[in-house]
Amino acid sequence: MDYESSSWIWDGVYCHPHLFGGLMLTAALLGLSTSYLSGIGFSSFPYMFSDLGIFPAKRRENKKRVRVYMDGCFDLMHYGHANALRQAKALGDELVVGVVSDEEIIANKGPPVLSMEERLALVSGLKWVDEVIADAPYAITEQFMNSLFNEHKIDYIIHGDDPCLLPDGTDAYALAKKAGRYKQIKRTEGVSSTDIVGRILCTTKDNEVRDNHDGSSPLPADKGTQSHSSHVSQFLPTSRRIVQFSNGKGPGPNARVVYIDGAFDLFHAGHVEILRKAKQLGDFLLVGIHTDQIVSEQRGRYYPIMHLHERSLSVLACRYVDEVIIGAPWEVSRDVITTFNISLVVHGTVAERNSSSPGGSDPYAVPKAMGIFRMLDSPKDITTTSVTKRIIANHEAYTKRNAKKTQSEKKYYDEKVYVSGD
């Protein structure tokens with residue numbers, strides 16, 4: 001018998017020796033052998049008397065839930081942000097996320113691309129996030145740290161292994177480290193907001209070359225492609241990462257499966273809201289993510305900004321998504337509907353398509369004919385193109401910001417050491 005699990009029995013023996021001895025004697029007189037006692041389980045025998053107060057009830061101490069905090073700008077939200085929050089959640093039971101205010105971002109990094117409302121929608125939409133604090137400070141000040149510990153009951157403050165320096169060169173998390181309440185996670189390689197802005201700015205330069213070309217001489221071969229390739233994603237997809245992001249569960253036998261497809265490029269607040277509406281129409285939300293080739297054909301040569309695996313992880317990180325089809329076909333066929341037992345196919349009213357691309361057939365002709373298609377009013381009018389236009393319209397500021405950030409990232413990689421985990 002495990003001593004710790006039965007120690008309360010011996011407390012009863014100590015406190016009521018005569019009563020316990022009387023019970024044992026009675027049992028012996030009734031002819032109850034030790035083999036019979038072991039048959040009903042001696043450890044359960046005293047429970048018959050616990051209600052009488054003979055033995056004290058076993059104390060059950062609830063383990064304190066560990067609350068962890070991680071903050072960030074979360075501008076141009078990508079799968080690297082999502083993976084950081086996934087790792088942070090693994091270090092505790094409840095994850096509280098601070099979203100840095102617009103003013104703090106401008107003061108420390110430059111103008112944000114997304115508004116506070118859009119960034120809050122993105123962070124709140126992640127499956128690992130339990131609570132969100134809006135307008136968090138960029139640096140962990142003593143006042144804010146005390147607020148985290150006392151008001152929000154935070155146990156640990158989390159950040160990646162890449163340095164976060166203030167304009168004066170000091171560590172933004174120095175106080176948390178000094179307090180012994182700091183934990184570090186591994187940075188997700190191959191992506192950053194700086195990298196994504198660079199990809200978009202690169203396409204702007206390509207367009208300027210073509211727009212300013214007077215046609216008197218041949219355009220350098222593949223000029224745009226060469227420039228664009230300099231900002232191709234360095235992310236190396238692995239099956240392990242997909243498993244980490246996946247729910248790992250299929251639909252039940254009678255589940256109502258809802259299907260929605262698209263590019264989901266530069267995953268934004270509009271995507272989160274339309275996925276939320278789609279999930280409300282059924283029990284299981286299946287999302288089809290189009291191939292890079294399909295997106296390029298439908299939207300133009302500079303799309304997608306994010307490649308297929310990057311887009312897939314961003315969608316999988318959304319709390320409303322149950323499963324994705326990586327490389328979904330353009331047309332929703334009867335075979336797709338049957339294979340995944342789809343009950344309803346939906347599409348948002350806000351969608352993007354290159355006006356110069358061929359019309360082709362209706363990709364939703366089959367579900368429409370089957371009577372299982374529905375248009376959903378898109379809650380937000382934000383699109384991938386509208387986000388890129390914000391960057392292009394303010395390209396000088398973002399070019400300057402990127403140049404500074406690129407230097408710090410180069411230093412990080414030059415001094416990088418292996419960090420276990422993730």
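For this chain, numbers begin at 1 and follow the sequence in order. Side chains are part of it too, since the values below use all heavy atoms of this structure and drop only hydrogens, waters and symmetry mates.
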Can you give me every donor-acceptor pair (side chain of residues 64-73, partner residue at least two apart or in another chain, under 3.5 Å) with its distance?
from, atom 1, to, atom 2, distance (Å)
K64, NZ, D155, OD1, 2.9
K64, NZ, D155, OD2, 2.9
R65, NE, E94, OE2, 2.8
R65, NH2, D93, O, 3.4
R67, NE, H152, O, 2.8
R67, NH1, E94, OE1, 2.6
R67, NH1, E131, OE2, 3.0
R67, NH2, E131, OE1, 3.2
R67, NH2, E131, OE2, 3.3
R67, NH2, H152, O, 3.0
D71, OD1, Y173, OH, 2.4

Any donor and acceptor pair, going by atom type alone, linking the side chain of R299 with main-chain N or O of T385 inside 3.5 Å? no
Are side-chain heavy atoms of W330 and Q298 found at a separation under 4.5 Å? yes
I need the single residue from H307, H309, R311 that forms a side chain to side chain donor-acceptor pair (under 3.5 Å) with D292. Which is it? R311
Run the side-chain contact (heavy atoms from CB on, under 4.5 Å) test on V272 and Y320 for me, step by step, so that the C-alpha distance in whole Å, both residues' side-chain angles and the decisive distance to 0.1 Å come before the verdict. CA-CA 8 Å; V272 174; Y320 307 114; 4.0 Å; yes
Verify, without hydrogens or angle tests, whether R187 (side chain) and G160 (backbone) share a donor-acceptor contact under 3.5 angstrom. no
Of all the heavy-atom pairs spanning R181 and I154, show the shortest one and how long it is. NH2-O, 2.9 Å
Partner set under side-chain contact (heavy atoms from CB on, under 4.5 Å) for S239, not counting sequence neighbours: none
Show every salt bridge (Lys or Arg N to Asp or Glu O under 4.0 Å) that has at least one partner inside residues 246-272, sequence neighbours left out. none
Validation row: T388, Y303 side chains within 4.5 angstrom (heavy atoms): yes
When you check the gap from the basic side-chain N to the acidic O, do K277 and D377 get nearer than 4.0 Å? no
Between S333 (side chain only) and V336 (backbone N and O only), is there a donor and an acceptor less than 3.5 Å apart? yes
Please check this pair: side chain of E118 against backbone of A269, looking for a donor-acceptor N/O pair closer than 3.5 Å. no
Please assess Y182 against H159 for the test side-chain contact (heavy atoms from CB on, under 4.5 Å), listing each intermediate value before the final yes or no. CA-CA 8 Å; Y182 176 85; H159 187 63; 3.4 Å; yes
Of all pairs that satisfy ring pair (Phe, Tyr, Trp, His ring centres under 6.0 Å), the ones with a partner from residues 111-130, not counting sequence neighbours: W128-F245
Mind listing the closest non-hydrogen atom pair of P251 and V257 along with its distance? CB-CG2, 4.0 Å
Tightest non-hydrogen contact, residues V332 and P367, listed as O-CD, 3.5 Å
Residues which pass ring pair (Phe, Tyr, Trp, His ring centres under 6.0 Å) with Y364, listed by chain and number, not counting sequence neighbours: H347, F373
The criterion is side-chain contact (heavy atoms from CB on, under 4.5 Å); which residues satisfy it with E117, sequence neighbours excluded? S115, K380
Side-chain donor/acceptor of S312 to backbone N/O of L308, under 3.5 Å: yes
I'd like to know if the side chain of K153 reaches the main chain of N150, judged simply by a donor and an acceptor atom lying under 3.5 Å from each other, with no hydrogens or angles considered. yes
Salt bridge (Lys or Arg N to Asp or Glu O under 4.0 Å) involving K178 - partner list, sequence neighbours excluded: none
Pairs touching residues 314-341 that satisfy salt bridge (Lys or Arg N to Asp or Glu O under 4.0 Å), sequence neighbours left out: K279-D322
Answer yes or no: is there a side-chain heavy-atom contact under 4.5 Å between I391 and L76? yes
Main chain of T349, side chain of S378: is a donor-acceptor contact present, judged purely on distance under 3.5 Å? yes
Sorted by chain and number, sequence neighbours left out, ring pair (Phe, Tyr, Trp, His ring centres under 6.0 Å) with Y259 holds for none
Side-chain contact test, heavy atoms from C-beta onward, threshold under 4.5 Å: evaluate it for L126 versus V97 and give yes or no. no
Do you know which two heavy atoms are closest between V132 and S124, and how far apart they sit? CG2-OG, 3.6 Å
So I185 and N83, do their side chains get closer than 4.5 Å, heavy atoms only? no
Do any N or O atoms from the side chain of R119 and from the backbone of V100 form a donor-acceptor pair under 3.5 angstrom? yes
Between the side chain of D75 and the main-chain N/O of L114, is any donor-acceptor distance below 3.5 Å? yes
Quick one: ring pair (Phe, Tyr, Trp, His ring centres under 6.0 Å) pairs with a partner in residues 85-115, sequence neighbours left out? none
Do Y79 and M306 pass the side-chain contact (heavy atoms from CB on, under 4.5 Å) test, and can you show the C-alpha distance, the side-chain angles, and the key distance before you say yes or no? CA-CA 10 Å; Y79 63 90; M306 314 291 287; 4.3 Å; yes
Under the ring pair (Phe, Tyr, Trp, His ring centres under 6.0 Å) test, residues paired with H81 that sit two or more places apart: F74, H78
Exercise: identify the closest heavy-atom pair between P379 and E273: CG-CB, 3.6 Å
Checking the side chain of K127 only, and the main-chain atoms of S246 only, is there a donor and an acceptor separated by less than 3.5 Å? no
Test item: I326 and I289 side chains (from C-beta on) under 4.5 Å apart, heavy atoms: no
Which pair of non-hydrogen atoms, one from L275 and one from V321, has the smallest distance, and what is that distance? CD1-CG2, 3.8 Å
I need the full list of salt bridge (Lys or Arg N to Asp or Glu O under 4.0 Å) pairs touching residues 163-176, with sequence neighbours left out, sorted by first then second residue. D171-K177
